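Structure first, commentary second.
Quick caveat: nothing in here was measured; it's all calculated off a predicted structure. For reference, positions follow the sequence shown, starting with 1.
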Amino acid sequence: MMQGFISADREAVLPLPVRGPDGLEKIVEAVIDTGFNGFLTLPASLITDLALPFVGTTQATLGDGSQIRMDVHEAIVRWDNRERMVLTLASKSGVLVGMSMLFGHRVILDVHDGGVVRIEALPHA
C-alpha cells in the first residue's frame, strides 16, 4: 500500500520516488489526476536533471480540449514497493499521476485538510 495526503489546495498528493537510468532518484509530490489517462507527467527541468531517455513525441488533449505535442521519456518509479518503468510526458505544469499508473489499484481518499490518500493493489481474479 502507498500513502499520501490531501493538500491545503484539496489535491490528492502522493510522494513518488522517480529515478533515471544513472541511478539518481528524486522524490516528487505527484497529484492524482483522474482526467489524465497516461502514467506520469514531470517538469522538463526534472527530466533533464534525471537524464530520462527520450523516446518520442505524442499528441495530447488538454482539459480545455486543446491539443499539443508533448515529449515522451522513460522513467523508473517505485510503485507499491516495486520498480516500474513508465512513459512520462514532459509538462510545463507540475507532477501528475494518471489513470494508467493507477490501473489495477484501489484509491481511497479521506477528503479533508491533511486527510489520508491510500493506494492499494486490487486482488487479481
Side-chain angles (χ1 to χ4, degrees):
M1 179 176 73
M2 296 166 285
Q3 195 163 303
F5 61 94
I6 301 297
S7 72
D9 293 330
R10 297 188 179 157
E11 295 176 321
V13 177
L14 181 69
L16 185 66
V18 180
R19 185 169 55 85
D22 297 333
L24 181 61
E25 180 177 285
K26 295 201 177 186
I27 298 175
V28 297
E29 288 193 345
V31 174
I32 296 172
D33 184 352
T34 59
F36 169 44
N37 65 357
F39 288 94
L40 183 66
T41 68
L42 292 174
S45 60
L46 183 58
I47 288 171
T48 300
D49 290 348
L50 295 175
L52 300 182
F54 175 78
V55 295
T57 60
T58 190
Q59 185 90 3
T61 303
L62 301 180
D64 66 2
S66 63
Q67 293 191 343
I68 61 169
R69 304 275 316 155
M70 296 181 83
D71 289 343
V72 181
H73 298 264
E74 288 181 336
I76 300 165
V77 298
R78 199 165 342 123
W79 185 261
D80 207 17
N81 293 320
R82 295 192 319 247
E83 286 192 346
R84 186 173 173 188
M85 178 79 71
V86 298
L87 294 177
T88 303
L89 300 178
S91 171
K92 293 179 182 172
S93 59
V95 181
L96 300 177
V97 167
M99 292 298 284
S100 290
M101 183 72 89
L102 295 169
F103 191 80
H105 291 77
R106 175 179 293 121
V107 179
I108 303 165
L109 306 173
D110 296 337
V111 184
H112 60 86
D113 288 341
V116 178
V117 174
R118 293 177 198 83
I119 300 174
E120 56 191 42
L122 292 172
H124 296 293

Spatial distance of atom OG1 (Thr41) from atom CG (Leu87) [nearest 0.5 Å] = 13.0 Å

If Ile, Leu, Val, Met, Phe, Trp and Tyr residues are connected whenever their side-chain heavy atoms lie under 4.5 Å apart, and connections chain through other members, are Val72 and Ile68 in the same group?
-> yes

Is the shortest heavy-atom distance from the side chain of Val31 to the side chain of Phe36 under 4.5 Å?
-> no

Partner of Val18 under side-chain contact (heavy atoms from CB on, under 4.5 Å), chosen from Val77, Thr88, Val86, Ile47 = Val77

Mind checking whether Leu40 and Leu24 sit in one hydrophobic cluster, side chains of I, L, V, M, F, W, Y counted as touching below 4.5 Å?
-> yes

For Pro15 and Gly4, work out which heavy atoms get closest and say how close.
-> CD-CA, 3.9 Å

Which heavy atom of Ala60 sits nearest a heavy atom of Met70, and at what distance?
-> CB-SD, 3.6 Å

Closest non-hydrogen atom pair, Phe39 against Met101 = O-CB, 3.5 Å

Which residues satisfy the side-chain contact (heavy atoms from CB on, under 4.5 Å) test with Ala30, sequence neighbours excluded?
-> Leu16, Val95, Val97

Taking only residues two or more places apart in sequence, or in another chain, which ones meet Val116 in a side-chain contact (heavy atoms from CB on, under 4.5 Å)?
-> Gln3, Asp110, Arg118

Heavy-atom nearest pair, Glu120 first then Met1, reads OE1-SD, 4.1 Å

So do His73 and Leu42 actually touch side chain to side chain, heavy atoms under 4.5 Å?
-> no

Closest approach of His112 and Ile6, non-hydrogen atoms and distance?
-> O-CB, 3.3 Å

Would you kindly confirm whether Val111 and Met2 end up in one hydrophobic cluster when ILVMFWY residues are joined by side chain heavy atoms under 4.5 Å apart?
-> yes

Can you name the side-chain contact (heavy atoms from CB on, under 4.5 Å) partners of Asn37, sequence neighbours left out?
-> none

With sequence neighbours excluded, what pairs up with Glu11 under the side-chain hydrogen bond (donor to acceptor under 3.5 Å, both in side chains) test?
-> none

Do Met85 and Leu52 sit in the same hydrophobic cluster, where Ile, Leu, Val, Met, Phe, Trp and Tyr count as joined when their side-chain heavy atoms come under 4.5 Å apart?
-> no

Taking the side chain as every heavy atom from C-beta outward, state whether Ile119 and Ile32 have any pair of such atoms under 4.5 Å apart.
-> yes

Could you give me the CA-CA distance, side-chain angles and deciding distance for Phe103 and Leu122, then say whether side-chain contact (heavy atoms from CB on, under 4.5 Å) is met?
-> CA-CA 9 Å; Phe103 191 80; Leu122 292 172; over 6 Å; no

Tell me, yes or no, whether the heavy-atom count around Met99 atom CE, taken from other residues, nucleotides or ligands under 6.0 Å, exceeds 12.
-> no

Within one Ile-Leu-Val-Met-Phe-Trp-Tyr cluster: Ile76 and Leu50, side-chain cutoff 4.5 Å = no

Of all residues at least two apart in sequence or in a different chain, which pass the side-chain hydrogen bond (donor to acceptor under 3.5 Å, both in side chains) check with Gln59?
-> Gln67, Arg69

By side-chain contact (heavy atoms from CB on, under 4.5 Å), Phe5 pairs with (sequence neighbours left out) Ser7, Val13, Glu29

Nearest atoms (heavy-atom pairs only) where Ser93 meets Pro43 = O-CG, 3.8 Å

